[in-house]
Novice: 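Here it is: the structure, laid out below.
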There are 4 protein chains.
Amino acid sequence: MPDENAVKAALKDQRIETPSWAYGNSGTRFKVFPQPGVPRNPYEKLEDAARVHAHTGVAPSVALHIPWDRVDDYAALADHATELGLRVGAINPNVFQDDDYMLGSVCNPDPAVREKAVAQILDCVDIMDRTGSEILSLWFADGTNYPGQDSLAARQERLSEALDTIYRRLGEHQRMLLEYKFFEPAFYATDVPDWGTSFAHCTDLGPRARVLVDTGHHAPGTNIEFIVATLLRRSKLGGFHFNSRFYADDDLMVGAADPFQLFRIMHEIVRAGALEHGAGIAFMLDQCHNIEPKIPAMIRSVLNVQEATAKALLVDDEALTAAQRAGDVLGANEVLMDAYNCDVRPLLREVRREMGVEPDPSAAYRASGHQEKLAAERQGGQQAGWGA
Amino acid sequence: MPDENAVKAALKDQRIETPSWAYGNSGTRFKVFPQPGVPRNPYEKLEDAARVHAHTGVAPSVALHIPWDRVDDYAALADHATELGLRVGAINPNVFQDDDYMLGSVCNPDPAVREKAVAQILDCVDIMDRTGSEILSLWFADGTNYPGQDSLAARQERLSEALDTIYRRLGEHQRMLLEYKFFEPAFYATDVPDWGTSFAHCTDLGPRARVLVDTGHHAPGTNIEFIVATLLRRSKLGGFHFNSRFYADDDLMVGAADPFQLFRIMHEIVRAGALEHGAGIAFMLDQCHNIEPKIPAMIRSVLNVQEATAKALLVDDEALTAAQRAGDVLGANEVLMDAYNCDVRPLLREVRREMGVEPDPSAAYRASGHQEKLAAERQGGQQAGWGA
Amino acid sequence: MPDENAVKAALKDQRIETPSWAYGNSGTRFKVFPQPGVPRNPYEKLEDAARVHAHTGVAPSVALHIPWDRVDDYAALADHATELGLRVGAINPNVFQDDDYMLGSVCNPDPAVREKAVAQILDCVDIMDRTGSEILSLWFADGTNYPGQDSLAARQERLSEALDTIYRRLGEHQRMLLEYKFFEPAFYATDVPDWGTSFAHCTDLGPRARVLVDTGHHAPGTNIEFIVATLLRRSKLGGFHFNSRFYADDDLMVGAADPFQLFRIMHEIVRAGALEHGAGIAFMLDQCHNIEPKIPAMIRSVLNVQEATAKALLVDDEALTAAQRAGDVLGANEVLMDAYNCDVRPLLREVRREMGVEPDPSAAYRASGHQEKLAAERQGGQQAGWGA
Amino acid sequence: MPDENAVKAALKDQRIETPSWAYGNSGTRFKVFPQPGVPRNPYEKLEDAARVHAHTGVAPSVALHIPWDRVDDYAALADHATELGLRVGAINPNVFQDDDYMLGSVCNPDPAVREKAVAQILDCVDIMDRTGSEILSLWFADGTNYPGQDSLAARQERLSEALDTIYRRLGEHQRMLLEYKFFEPAFYATDVPDWGTSFAHCTDLGPRARVLVDTGHHAPGTNIEFIVATLLRRSKLGGFHFNSRFYADDDLMVGAADPFQLFRIMHEIVRAGALEHGAGIAFMLDQCHNIEPKIPAMIRSVLNVQEATAKALLVDDEALTAAQRAGDVLGANEVLMDAYNCDVRPLLREVRREMGVEPDPSAAYRASGHQEKLAAERQGGQQAGWGA
């Protein structure tokens, strides 16, 4: 049986990064519903992230999206983060919203557009230098909508060239994560549609390039924990964009759609020893709180990851291995389910008390009146969203 | 073997409705790429639709989306349509973009929002009266994103009440079509997710309520032609929103993703005699030309429906029935494929010549310089899109 | 908050039917792996079912599959059941394994085959009369593999005729459940592919015809609890074939693939008051234990349904309704999740103790040595399987 | 525009391998329907394959499945093939039907089972030596049905070890193809579920290990031609198992479910020059003719591949490239569709006449009376199927 102190220590050590953009407004192509109290600039986004960290104790870093989080002085932004008890996490270059990216960025048939995109990403490495960020998190909206629209093979060549240029620019302590996505916004072929494509490119590049798994970016039915286990075995898992989905890239709160899947993913992580900071896996949230208030949704998401992790840590590894080796199908499954069926909320309340944060972060946030305060204070200005 | 004159007559009789909103800008949640020459108001959208009709000869009606096509004087708009050789087709009430529709319209837990939505739809029936439209085309973005968010059953009750009020308002020559959609923008439960739900409500209402099949609104792998055949058999097919998709509701040009599927759908239509105007089936396009120019994409879409229809008309029904009755699996399939494998473009060129339109509408439009003219002329103003 | 005594009472009242065929060997098209101790005839299957009931206390009825469970004297079989403390549950006619069913049974293009199939099903109603079974559970393997192979509409007509004949034969206390299935064994079109088709036929027939929901028979991503809620609202839910799946109709142990989904389904059941026996919903298991021992897998499956039910009973309905009416997305979801996150195993152990069965049925079965005993005793003879 | 003579030459050069097992009976887990005239041994299967080659002129090799095609004297079998104008193609070891493979073959937790499986595969390399086969075609039914059943990572290790042993045994002119499959017969995790996993292992092994793409083995919505283009670019495409599907691994006749997809795949092949024999791509059929007669279904399948290839060869590559480089979305798509919309049957009839085979192979076979002859002659004995 897992040692309770070791479980608690692991839970106290866990770090979950929240994304600046999830504090702004988001929506679907049909409508973005604005919410009261939404931040108007990157500084206010950091303040919201700090609030999530204050309530959970395990979310001390924030991912930025450039240009959504463009500021004049990135050192000042990083200082603001430090003052709030945060640090800047991954930098996510956005190369899909300029008008000339209509047919793609680094895979665009037009070399001038490709150059522009690469330059924009290299600028993001500069921002990494200035903010102390160690992760360049790449996702390309590139792809085609119609068969024949462009050469699938030529687009891979262009992608490969761009990645090569970017990789060579990275500093010693910087890593590149390459995210894949099944579809959307491209509807026929996406240029990095699956883990295999990302893996192949990362292998071409070298050890500081790794695959980023967004849990909402797979074909229906895909066994995500298999991918996680496979990449871990090959030292090519870079990290996660956590969220959940019932259909496509729904970007719901992680653990909301299929909490058992999240547990199975964390089980592979725990089993491979990849929860340790030394493993260098980035656990990041990437969500869209379209209809729910953002800060409490983020708090809830952090809790959901913690609960899945706690259950994964409670798996009796010895018993599991014994049953697996014996070919005891029901027995091995039962060991896993025994951990999943535990109610880990009491344990996590204890962990939080020992960490000096409120045992029930959701209730504490609700009781704080902070949400109402933000709504009252953040009047005027332009609310942040995917476009700004 | 089908009689060539009958085939040609059927092709000349076919009518395909284009949607006003497809002439405006559209996109994904990531970005709407503006295109040169896009219309700035409903009048200009009608002009674009007229151009599609001029080139194809089979697209004389235009569906409107309210409030996207809101004007002060709907009679004037209908007159403009008449002058252009068009008529107003289906009216599509939009009850998903006001801020208070965040949790739904007619299924919203708040009765005031429900009342507002019903009133907005009843206004659309007024617009039908004033424009001569005979079809009220209902699609609800209603649904929930999280399990437990709302009562699935209560939402059905609310939906039922609203539909009942609306149905009773319809005039003798007006019909209501109820569209279903698998998911998006709701990500946990959609209130009319499948044909069964729409069918059950339409059956509750009466003969002037029928199911609208949008070809992009199904779960992966769904056999759409089965649904078409089933609804036709039960006199509950109201019409189509044609488009195509590889993944979700991609809204690509109809026939672009799976032309064989479109043929199979049209085969069920032809076999049931539902191509005849008397059958009252509305053949409407509903697409988003996110990255391709809109008018030529619409022309191409009309041609794709025509080609699928022509092939369906070429099926040797007698031979097919004989093979089916004999249980000749390969033989029956071969009869169907023989029609599908035909190149019907020469036949359609002939049909067009006989109708007095250019035999190759795409080439004719390209050669006309119209696209460039629009780009030059339609400067200034606010381009139409999903928000306006 | 739910009253604990009421929760316990509901759990004691719950009844889950096990299927005779799950005690025999099963497999995939690639291989059926035989297991030691598998029953050799319907009598031995009943004995295995009795063992499951002895350990769980809530599985007192057994579904039969005809001809797999064909015996000379059905009254004797029913008596055997009574002696074992069981009763005969649903009768499942199998009209898919005779050679002349290659192109279908009641939808076959050949009228002679259709007549044979109907006669075989009518024989099953006789068996119902003789065994006291009240449920005729219909699933048709009918469908087509290739486009054009047969007329989709004609097959619906044939289905409708057959169902009508069968329905009229049913006695006052007998019901017909019509199961739907997305695909398999037919690969192009299945004749009852979705709940809408089953619902429409059941509505045609009358109040004693209802829809059977097999949890593994849906398109990827389908929201099953929506279907459950919709059918309950229309008094057309007849019951379940419980099992779980990751991909297609995997027929794994219920709750094994997505325990949260099972909970959501049971939540709709509980909320609609459909757990009460008066509601007439049949809760049946339908699984294939291809690689795990069958009796303990069945025990585990019963426990999984109980656990999901217990959690559903723990939902604070008052708080949920209040949050739903207030449009509190996070709050409502949290009420639901609070129940799901409970560990209900202690409660169920208590319930079992009060019912006089062992608190941990899986462990008790394992400790009993029964599995080894069966393996030793059931030597020789022909093991039961899908073919016999 | 493509040169007609070049197109015809390419079509005459094309080679499509048929699988011995498709001439035997097959079915679903529900039922295998026997068909009249089915071969009773490997020799008769070769005779059926020879008949397909006689009618099409492009199917001169036959894949074998061991032990389904086990004979005492493989040299004699190869001689029989030569006499029939055939040669032995890929050898497919079957390591999924012995009782001890219940929990897997090369990934089994039991080392003795793994050793047995490897030995069985090494025997198949001996058979390759004796029959002149150059391709070892590996598919593993390995996987797990329940979460926790076995360690995903450990299974990868075992797989890797086994592949390494096998690879080292291959002769200079022999290749190993590693097939992946999304699911079935395993229902939770398959040990080689996707192209990425196969690619990674093949890369570990070396240049004579390549990925085998079975067109029915993907998650819903997967863009197969993207995988083909990606593997071609990386010199890791080994070949195809062609078939078609609407849902899962339906194993229908290739081109029957989505002929446009087959065309898009062949377009990538043609564009990469991979139709040339020097490219070393194996074009193999792998189908199950569950309800249709096998020889004519195989003929039809060969024709379907030819038709898709002919259309792919007719793509105006120059115009396509120009439109792609210009970012002309509609124009580029139109070039592709122009080829797809051609009726290539007249061209193929001409090709066949020039090759000295009947222009319409399906009609010629039907007229030959061969099917009836086989049914009359092949009486008695045990029909071949998946089990023998």
Side-chain angles (χ1 to χ4, degrees), chain A residues 102-103 108-110 144-154 156-157 182-183 188-190 193-200 203 218-223 225-230 232-234 260 264 267-268 271-272 315 320-321 323-327 329-330 332-337 340, chain D residues 102-103 108-110 144-154 156-157 182-183 188-190 193-200 203 218-223 225-230 232-234 260 264 267-268 271-272 315 320-321 323-327 329-330 332-337 340:
Chain A
M102 187 168 82
L103 302 183
N108 198 298
D110 182 344
T144 51
N145 275 8
Y146 290 101
Q149 176 189 326
D150 199 356
S151 160
L152 301 177
Q156 287 297 308
E157 286 302 328
F182 187 45
F183 81 100
Y188 164 59
T190 293
D194 50 24
W195 77 266
T197 306
S198 177
F199 170 80
T203 301
H218 301 85
T222 301
N223 183 323
E225 61 268 27
F226 175 88
I227 296 171
V228 169
T230 295
L232 282 170
R233 185 179 162 267
R234 293 176 176 277
F260 183 45
R264 297 192 313 260
H267 168 62
E268 295 301 329
R271 238 191 168 195
V315 172
L320 182 64
T321 302
Q324 289 178 342
R325 292 213 178 127
V329 177
L330 283 178
N333 176 249
E334 199 171 325
V335 172
L336 197 77
M337 297 311 293
Y340 180 68
Chain D
M102 187 168 84
L103 302 183
N108 198 300
D110 181 344
T144 50
N145 275 7
Y146 290 100
Q149 177 188 327
D150 200 356
S151 159
L152 301 178
Q156 287 298 307
E157 285 303 328
F182 186 46
F183 80 99
Y188 163 60
T190 293
D194 51 22
W195 77 266
T197 305
S198 177
F199 170 79
T203 301
H218 301 84
T222 301
N223 184 324
E225 60 268 27
F226 175 88
I227 296 171
V228 169
T230 294
L232 282 170
R233 186 181 162 265
R234 293 178 175 275
F260 183 45
R264 298 193 312 261
H267 168 61
E268 295 301 329
R271 237 190 168 195
V315 172
L320 182 64
T321 302
Q324 289 177 341
R325 293 214 176 125
V329 177
L330 283 177
N333 175 249
E334 199 171 325
V335 172
L336 196 78
M337 296 312 292
Y340 180 67

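Basis for what follows: all heavy atoms, side chains included, without hydrogens, waters or symmetry-related copies.
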Novice: Given that the side chain runs from C-beta out, which part of Phe182(D) has a heavy atom under 4.5 Å from chain A: side chain, backbone, both or neither?
Specialist: side chain
Novice: Taking Gln324(D) for its side chain and Gly148(A) for its backbone only, find out whether a donor-acceptor pair lies under 3.5 Å.
Specialist: yes
Novice: Taking C-beta and beyond as the side chain, do Tyr340(D) and Pro147(A) meet within less than 4.5 Å on heavy atoms?
Specialist: no
Novice: For the CG atom of Asn145(D) and the CG atom of Asn333(A), what is their distance to the nearest 0.5 Å?
Specialist: 10.5 Å
Novice: Which region of Asn223(D), side chain (C-beta onward) or backbone (N, CA, C, O), has a non-hydrogen atom less than 4.5 Å from a non-hydrogen atom of chain A, or is it both or neither?
Specialist: side chain
Novice: Counting only heavy atoms closer than 4.5 Å, note whether Asp150(D) contacts chain A via side chain, backbone, both or neither.
Specialist: both
Novice: Looking at Thr222(D), Asp194(D), Thr230(D), which makes the most heavy-atom pairs under 4.5 Å with chain A?
Specialist: Asp194(D)
Novice: Considering only heavy atoms, which portion of Arg233(D) lies under 4.5 Å from any heavy atom of chain A: side chain, backbone, both, or neither?
Specialist: side chain
Novice: For Tyr146(D) and Glu334(A): C-alpha separation, side-chain torsions, deciding distance, then whether side-chain contact (heavy atoms from CB on, under 4.5 Å) applies.
Specialist: CA-CA 10 Å; Tyr146(D) 290 100; Glu334(A) 199 171 325; over 6 Å; no
Novice: Which bit of Val329(D) comes within less than 4.5 Å of chain A, counting heavy atoms only: side chain, backbone, both or neither?
Specialist: both
Novice: Supply the atom-to-atom distance Leu152(A) CG to Glu268(D) CD, rounded to the nearest 0.5 angstrom.
Specialist: 4.5 Å
Novice: How long is the straight-line distance from CZ of Arg325(D) back to CG of Asp110(A), given to the nearest 0.5 Å?
Specialist: 12.5 Å
Novice: With side-chain contact (heavy atoms from CB on, under 4.5 Å) as the test, would you mind laying out the steps for Thr197(A) and Phe199(D) before giving the verdict?
Specialist: CA-CA 10 Å; Thr197(A) 306; Phe199(D) 170 79; over 6 Å; no
Novice: Is Phe260(D) close to chain A through its backbone or its side chain, or both, or neither, when contacts mean heavy atoms under 4.5 Å?
Specialist: side chain
Novice: Specify which of Pro109(D), Ser198(D), Ala219(D), Ala153(D) makes the most heavy-atom pairs with chain A at under 4.5 Å.
Specialist: Pro109(D)
Novice: Can you tell which part of Ala200(D) gets under 4.5 Å to a heavy atom of chain A, answering side chain, backbone, both or neither?
Specialist: both
Novice: Do you know which of Arg264(D), His267(D), His218(D) has the most heavy-atom pairs under 4.5 Å to chain A?
Specialist: Arg264(D)
